[in-house]
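Remarks on the structure that follows.
Every value quoted in this text rests on a predicted model; they were computed, and no experiment measured them. We count ligands from 1, going down the list as the structure has it; atoms in each ligand are counted the same way.
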Amino acid sequence: MASRRTSYLLASLLISCLLSFGFSYKELFPSPKIFQKFQPEFSEDDIFDKSGISKPLHPERHILRAPTTIKLHWEITQGHRSPDGVRKLVYLINGLFPGPTIEARSGDTIKVGVRNLLKYEGVAIHWHGIHMKGANRMDGAVGITQNPIQPGCNITYEFGIEDTQAGTFWYHSHLGIQRADGLYGGLIIHPPLIDKVHKTKTPEYEEESLLLMGDWYHRYAEDVQASYVNHDSWGREPVPDSLLINGMGSFNCSKAVQSRPLDCAQYSSSPLVLNQPRTRLRVVNVGAISGLVFRMPRCHMTIIEIDGGNEIERSPEVSSVGILYPGERMDLLVECPMGSEAAGFHLSITLDAENFAIKNKALTPTHTFPISTTANVLTKRGHSYLPPKIVKGEGYFDLAEVNGTALPDNSFSMIANHTVLLYTKMEILARLGNVPVGFINRTTWAAQSSPPEPLVDLDRVDWDKNQLVPWIRISRDQSSPSWVDIVVNNLDEKGHPFHLHGYDFYILSQYYPTRRGYHAYDPFDPSTPPTSSDLPGGPYNLANPPLKDTVYVPSQGYVVLRIRADNVGIWFFHCHILWHSGAGMAMALEVRYHNE
Ligand SMILES: *[C@@H]1O[C@H](CO)[C@@H](O)[C@H](O)[C@H]1NC(C)=O
Ligand SMILES: *[C@@H]1O[C@H](CO)[C@@H](O)[C@H](O)[C@H]1NC(C)=O
Ligand SMILES: *[C@@H]1O[C@H](CO)[C@@H](O)[C@H](O)[C@H]1NC(C)=O
Ligand SMILES: *[C@@H]1O[C@H](CO)[C@@H](O)[C@H](O)[C@H]1NC(C)=O
Ligand SMILES: *[C@@H]1O[C@H](CO)[C@@H](O)[C@H](O)[C@H]1NC(C)=O
Ligand SMILES: [Cu+2]
């Protein structure tokens with residue numbers, strides 16, 4: 001790690017470089033105060049600015065320095081917090097909820113010593129979206145790559161960030177359903193300003209902020225899951241009570257339902273504070289179940305990247321965007337006029353009601369946060385603000401329509417070398433006690449338990465009946481890569497956002513059936529050629545497919561995902577709705593070299 005002295009050297013070097021690239025000092029260092037606080041030690045205890053919901057990021061600490069090893073020490077505990085006014089016992093990392101934000105650059109190594117100071121529970125941390133190349137065992141998936149870190153024990157996660165990865169990521173517990181009680185945090189990989197991989201371009205913004213947002217339950221995750229995996233639920237998912245952004249929200253105490261009294265203080269919504277004319281918002285859906293629709297009417301807003309820094313065909317200026325499902329990310333460029341607060345400008349987040357079959361009177365589906373711009377900020381477009389030209393009703397950008405940019409790799413072949421065909425559904429079966437159970441093909445996932453070792457430590461013959469793990473063999477000679485298609489047919493009446501560890505995939509097809517209903521379902525037929533318009537979802541998009549690590553599989557529809565199988569290991573693949581994966585909607589993919 002850089003010493004204080006070399007970092008100051010770097011800092012002065014940095015300014016001269018910046019000037020030579022045409023940036024002003026002020027643009028990259030929003031305020032001299034922040035510059036003075038410049039902490040070369042990558043302090044992990046940057047406390048949230050309680051004056052607003054956004055978490056400021058610090059690219060200036062990373063974009064001009066050499067790659068390094070970022071060493072962190074985390075202690076996991078629990079404590080009472082009232083994030084939206086309602087008191088609840090949540091998980092803490094070094095006393096923080098959400099956990100500390102990790103910021104790094106491409107090419108860094110991240111080394112996190114995690115000490116479990118919980119009394120009775122294990123923990124494990126997954127680094128969502130990071131490829132973990134050569135570090136499969138650091139992936140944090142309990143039952144697949146590790147056993148839980150037992151109370152009182154530590155482990156050290158150590159993994160390199162590839163030179164080609166930069167973007168918005170996050171980390172969260174991958175043991176059971178702990179994520180819903182707050183065991184998560186942000187993980188931002190900044191692209192270095194000057195390097196061969198990321199083209200140097202003038203940033204279109206002067207500040208970056210992180211918004212970890214998602215639904216929130218006032219009950220403990222264990223109670224929520226128990227109410228779902230119960231014959232009384234009839235498969236209807238528990239509905240959340242609230243919404244948090246960076247661990248802050250506001251709950252209307254008078255809406256608490258009688259049967260569940262709450263220790264509630266009435267909070268008003270904190271503002272979204274914009275300190276600079278143009279802001280890059282890195283938005284993560286950290287919730288358990290709900291998709292989110294994001295609205296900033298009257299501000300200028302465009303979508304620039306999806307998931308872990310994957311570029312897209314630039315969207316037009318929009319006023320709202322959705323649906324962002326649990327696990328998904330989007331990076332937005334926003335510009336709001338000075339004095340937005342006085343003018344009543346606001347950010348509003350609506351929880352999508354797809355899984356809200358049970359009525360929850362406590363929930364306000366749309367949460368609104370005032371936008372406040374600090375004084376002295378003039379927009380780049382001049383002193384007078386021009387509201388975006390958005391025709392009424394046309395300002396919504398549907399993330400399902402997003403296109404990728406460049407053509408994939410030259411060797412992206414028309415027909416994949418392997419195809420993994422899957423069917424998924426939540427089922428309620430008498431032989432399984434009439435409770436909802438998640439299936440992929442005929443398998444319900446549960447962490448490997450007999451013997452109780454992670455799959456990476458066992459021979460295949462020793463895996464138990466809850467493991468569905470198709471096996472892809474690849475050649476060490478990467479001049480002839482193996483392309484693998486993963487086809488997920490969703491037989492369910494509900495959509496499922498699936499996440500694959502260790503990879504980004506191209507979405508070659510995402511089929512939303514127009515004729516809904518039990519008998520109208522036409523699944524993907526693997527014998528139909530990919531170029532055929534006879535496929536329900538039409539021919540594959542081999543021109544500009546978007547690249548992602550989490551994808552929504554529409555109800556009674558399907559997706560075709562393509563990966564370049566070049567990352568060996570056993571990689572979890574699961575629905576990111578916590579109650580579904582907790583009920584077994586999960587599996588893994590194993591990629592191995594020949595003769596190993
Ligand atoms: C866990 O971490 C603590 C503090 O860093 C250290 O003192 C202790 O030896 C570690 N224990 C194990 C089992 O690694
Ligand atoms: C809270 O909810 C009650 C009942 O629905 C409503 O009358 C009241 O205006 C709400 N208060 C706030 C601050 O939104
Ligand atoms: C994506 O590309 C398709 C085909 O090229 C086009 O019809 C569609 O409008 C594009 N979507 C967006 C959001 O630009
Ligand atoms: C899943 O089931 C389908 C239909 O039986 C089968 O064709 C496919 O190979 C199965 N997939 C795996 C990975 O076993
Ligand atoms: C994958 O398929 C392509 C096109 O059919 C072929 O050229 C390539 O050699 C295959 N790769 C492997 C590893 O078999
Ligand atoms: Cu699901």
- Ligand-residue contact atoms, ligand 2 with S254, heavy atoms, under 4.0 Å: 1 (C), 2 (O), 3 (C), 4 (C)
- Message: Could you go through Y552 and E354, starting from their C-alpha distance and side-chain angles, then the distance that decides it, and tell me whether this counts as side-chain hydrogen bond (donor to acceptor under 3.5 Å, both in side chains)?
- Response: CA-CA 12 Å; Y552 180 73; E354 177 176 12; 2.8 Å; yes
- Item | P530 side chain reached by P539 side chain, heavy atoms, under 4.5 Å | no
- N252 N/O to ligand 2 N/O under 3.5 Å: yes
- Message: For a 4.5 angstrom cut-off between non-hydrogen side-chain atoms, does L421 reach F524?
- Response: yes
- Task: Go through the side-chain N and O atoms of T302 and S315 and say whether any donor and acceptor fall under 3.5 Å apart.
- Result: no
- Side-chain donor-acceptor pair present, H499, H574, cut-off under 3.5 Å: no
- Message: Under a 3.5 Å cutoff, is there a donor and acceptor pairing between the side chains of S254 and N252?
- Response: yes
- Between R219 and D241, is the closest basic N to carboxylate O distance under 4.0 Å? no
- Item | Validation row: F251, H367 side chains within 4.5 angstrom (heavy atoms) | no
- Message: Considering both backbone and side-chain atoms of K255, is one of its nitrogen or oxygen atoms within less than 3.5 Å of a nitrogen or oxygen in ligand 2?
- Response: no
Pairs under 3.5 angstrom, nitrogen or oxygen on both sides, ligand 3 versus protein: list them out, please.
| from | atom 1 | to | atom 2 | distance (Å) |
| --- | --- | --- | --- | --- |
| ligand 3 | 2 (O) | N403 | OD1 | 3.1 |
| ligand 3 | 2 (O) | N403 | ND2 | 2.3 |
| ligand 3 | 11 (N) | E401 | O | 3.4 |
| ligand 3 | 11 (N) | N403 | ND2 | 2.9 |
| ligand 3 | 14 (O) | E313 | OE2 | 3.0 |

- Message: Using a strict cut-off of 2.8 Å, how many protein N/O/S atoms surround the Cu ion (ligand 6)?
- Response: 3
- Would you please say whether a donor-acceptor pair under 3.5 Å links the side chains of D139 and H174? no
- Query: Is any side-chain N of the basic residue among D263 and K88 closer than 4.0 Å to the acidic one's carboxylate O?
  - Reply: no
- Is any side-chain heavy atom of F505 less than 4.5 Å from a side-chain heavy atom of R562? no
